[in-house]
2 protein chains.
Amino acid sequence: MATISDVAALAGVSTATVSRALNGKATVDRELVARVQQAADELGYRPNGPARNLRRQEAAVVALIISDVENPFFTAIARGVEDVAHEVGYSVVLCNSDENAEKESRYIDVAIQERVAGVILSPTGTTSSVDKLAARGTAFVAVDRPLPQQDSDVVLVDTRLAARQATDHLIAQGYDRVGCITGPAGVRTADDRLAGYRDALKSAKRPSSTKLVRRTEYKAAGAHKAAAELMSQPDPPDALLVANSAMAVGVLQALREQGVRPGRDVGIVAFDDAPWAEPVDPPLSVVAQPAYEIGTVAARLLLARIADSTRTATTTTLGARLIERGSSHRT
Amino acid sequence: MATISDVAALAGVSTATVSRALNGKATVDRELVARVQQAADELGYRPNGPARNLRRQEAAVVALIISDVENPFFTAIARGVEDVAHEVGYSVVLCNSDENAEKESRYIDVAIQERVAGVILSPTGTTSSVDKLAARGTAFVAVDRPLPQQDSDVVLVDTRLAARQATDHLIAQGYDRVGCITGPAGVRTADDRLAGYRDALKSAKRPSSTKLVRRTEYKAAGAHKAAAELMSQPDPPDALLVANSAMAVGVLQALREQGVRPGRDVGIVAFDDAPWAEPVDPPLSVVAQPAYEIGTVAARLLLARIADSTRTATTTTLGARLIERGSSHRT
DNA sequence: AGCGGCCCGGTAAAGGATTACCCAGCCAGG
DNA sequence: CCTGGCTGGGTAATCCTTTACCGGGCCGCT
């Protein structure tokens, strides 16, 4: 592997000049730049990343720590982050915390250790691991969920309002006993969606009963069980607000097994406009979150913070959009 | 940020001893290890990754370059790779080539530059960028698709056989004019699936017509258009073999729009057992590829090659499993 | 008692790029 | 013609860790 000295020797200049030429510093003669460039090409020279990062005290890399690579919501965020980061020459590395505070903490350690320029993460809740970033002064932005007592940049969705609107919609469609299947207590988005659901019941003067609510992991299996339980109660719900698309999979499965048809028998609105939501029968009504945009906004905030660490922290809240399809209509 | 010298000073030993103690070398006195450990904890010492990688000439990182983060097949592979890599203390960074040779090449450059220990990738086809890895002697493993004229470790699925079996199944169910929607010409998996489809037609003595075949990007939009075209021909197919799950989304959408019901009207088998395949109505028959296993096998091969670069290259071919569900039954 | 060998741990080199600092040479002005 | 200033580029320090090499001290054997 060729080093900068090899290039310097071949071009007949010093390593300093090679570095300057290749990094586009203005103080190098045109002709020399060309000669250096050619020598570098000839040798297939690639700067040694670790050496550069060591000297610069920072790698042109941002780490993106999300809680589930298999969740389309998060992969769409990843796309947004990538597109913005690449524009300015940063690489993105994707890490999968699996909603597990320990894994999250490990990835944060790696990020610190590798001296990444910044971190974007959907925090699992425990603030402790994020403190490490703050302590070291590494730039970071939280997405999807706020950080308790930590004034950092955050990009959120007004998920409570969205949940309320979705529930309003179900009620307006004539469903009477609307239930809710949401994520674990303590996970902010799960709490917010439940709160929005309750807001709607309250303003529609419907009694809110814990018999209509189930909380479980944000996964298909948990939601499957929850839906099966809800539906086999004496007084089952006739509509369900489901807090993400993985859960929707479990819920639909449970309804199939009970011979209950979405829409006609039980109204369904789920969070996240997964690619399969439209082509299924009946098409699934969803709350579409602006995931890609969350990613781009977060990336821009991060870049701004990397450039100027004294910026004051901002909170950006984006809106979600209810898409009404067949699963929330009786007909 | 504390450095190793700070730790050394606090513990009253040399930096060499700190390094040895923290890296678990045997030749350090118990008591000293404890003292060093305590000093490190006290200072919150994290070794500087770039410095370590520079010295070691290699980072404990493997890069995974896949063609689509939004495709569940690839994210499942990612899970497999991660699980194995983490067991032995490697980190995994995920990169998204978007089926784009230029992006792939850029990520390979980054991987080389950062001196990652190894690379796992689903090659976009052009071999050129992979040559760079071979030239530099970086360990790598190809998944999902073989590399033309490159003897490297490869993990494949016998996708031709699987396509044949799926087509056989459709024919056995009484579908008469089976069509096929597959990926672009030149993409190996797409070609293989088409070949398997033709194998089945041939052995069942059905005429094979190009009117029943469409090739497009491995995406929903292309498949949507293809299915719409196929179905509005004078003599439309009464069954379809669809080459991946994103395409299945597009196909189901097109069928809905034409008021055609999967199963009863048109038999469908799609590749990849996406999470939503079962709960939809009717449940989607699929060819389940062992994606997670591909990931674990590839990771193990990569680790073996990192440890011993002279190993001879192996090709591992895994089988796929046909899961018959409602979309391939007339009833 | 003397010496060989072993165990532990210190000293310093190495790894490769960036950059502060400095110097040579040239031009222009006096 | 001399000198001050500016420009372009070289020298060498620096980033931090790992590890080759070396040496001190102690044990045990002869």
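So you know, we letter chains A, B, ... as the sequences are listed, proteins then strands, and number each from 1. Not measured: the values here are computed from a predicted model.
- Note on the helix from C/dA1-D/dT30 to C/dG30-D/dC1: angle between the axes of the first and last five pairs equals 60°, rounded to 10 degrees.
- For the residue pair A/Arg52 / A/Asn23, a side-chain donor-acceptor distance below 3.5 Å is found, with atom types taken as modelled.
- Within 4.0 Å of A/Val18, counting heavy atoms only, lies no atom of the nucleic acid at all.
- Here the closest heavy-atom approach between residue B/Val154 and residue B/Pro146 is recorded as CG1-CA, 3.9 Å.
- Below the 3.5 angstrom threshold, one finds no donor paired with an acceptor across the side chain of B/Arg55 and the base of D/dT17.
- Side-chain to base pairing of A/Arg20 with D/dG10: one donor and one acceptor N or O lie within less than 3.5 Å of each other.
- Here A/Ser19 lies in heavy-atom contact (under 4.0 Å) with a base.
- The nearest pair of heavy atoms linking B/Ala8 to B/Thr15 is CB-N, 3.7 Å.
- For the residue pair A/Asp68 / A/Tyr218, no side-chain donor-acceptor distance below 3.5 Å is found, with atom types taken as modelled.
- If you measure from atom CG of A/Leu54 to atom P of D/dT14, you get 14 Å, rounded to the nearest angstrom.
- Not one side-chain nitrogen or oxygen of B/Tyr45 sits closer than 4.0 Å to the OP1 or OP2 atom of D/dC16.
- The side chain of B/Gln57 lies closest to C/dG16 when the candidates are C/dA17, C/dG16, C/dG10.
- Residue A/Asn53 is out of contact with every strand shown, counting any heavy-atom pair closer than 4.0 Å.
- Between the side chain of B/Arg52 and the base of D/dT17, no donor-acceptor pair under 3.5 Å is found.
- Note: CD1 (B/Ile4) to C1' (C/dA12) measures 14 Å, nearest angstrom.
- Atom-to-atom, CG of B/Asn48 to P of D/dT18 comes out at 10 Å; the value is rounded to the nearest Å.
- When only modelled atom types and interatomic distance are considered, B/Glu114 and A/Asn53 share a side-chain donor-acceptor pair under 3.5 Å.
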### Query
What's the verdict on side chain to side chain donor-acceptor pair (under 3.5 Å) for A/Glu99 and A/Thr124, showing C-alpha distance, side-chain angles and the deciding distance?
CA-CA 6 Å; A/Glu99 205 68 78; A/Thr124 58; 5.8 Å; no
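- Looking at A/Arg311 and A/Asp153, a side-chain N of the basic residue comes within less than 4.0 Å of a carboxylate O on the acidic one, giving a salt bridge.
- Nearest to the side chain of B/Ala51, among D/dT19, D/dC16, C/dA17, sits D/dC16.
- Atoms CZ (B/Arg115) and C1' (D/dT18) sit 17 Å apart, rounded to a whole Å.
- Annotation: of the two residues near DNA chain C, A/Met1 and A/Ala16, the 5′-most nearest-nucleotide partner is A/Met1.
- Looking at which nucleotide of DNA chain C each of B/Pro50 and B/Leu32 is closest to, the 5′-most match is held by B/Leu32.
- Using a cut-off of 4.0 Å between Lys/Arg side-chain N and Asp/Glu carboxylate O, B/Glu58 and B/Arg56 are scored as not salt-bridged.
- Rounded to an integer number of Å, the gap from B/Asp29 CG to D/dC26 P is 14 Å.
- Between the CD atom of B/Glu31 and the P atom of C/dG9 there is a distance of 9 Å, rounded to whole Å.
- For the pair A/Gln113 CD and D/dT18 C1', the interatomic distance rounds to 14 Å; values are reported in whole Å.
- Considering only side-chain N and O atoms, B/Asn23 lies under 4.0 angstrom from the phosphate OP1 or OP2 of D/dT18.
- For C/dG16, its base never sits under 3.5 Å from the side chain of A/Arg46 at any donor and acceptor pair.
- Across all strands shown, B/Val13 has heavy atoms under 4.0 Å from sugar-phosphate atoms exclusively, and none from any base.
- Checking the phosphate oxygens (OP1, OP2) of D/dG10, a side-chain nitrogen or oxygen of A/Ser14 falls inside 4.0 Å.
- Nucleotide D/dC16 holds its P atom 16 Å from the CZ atom of A/Arg56, rounded to whole Å.
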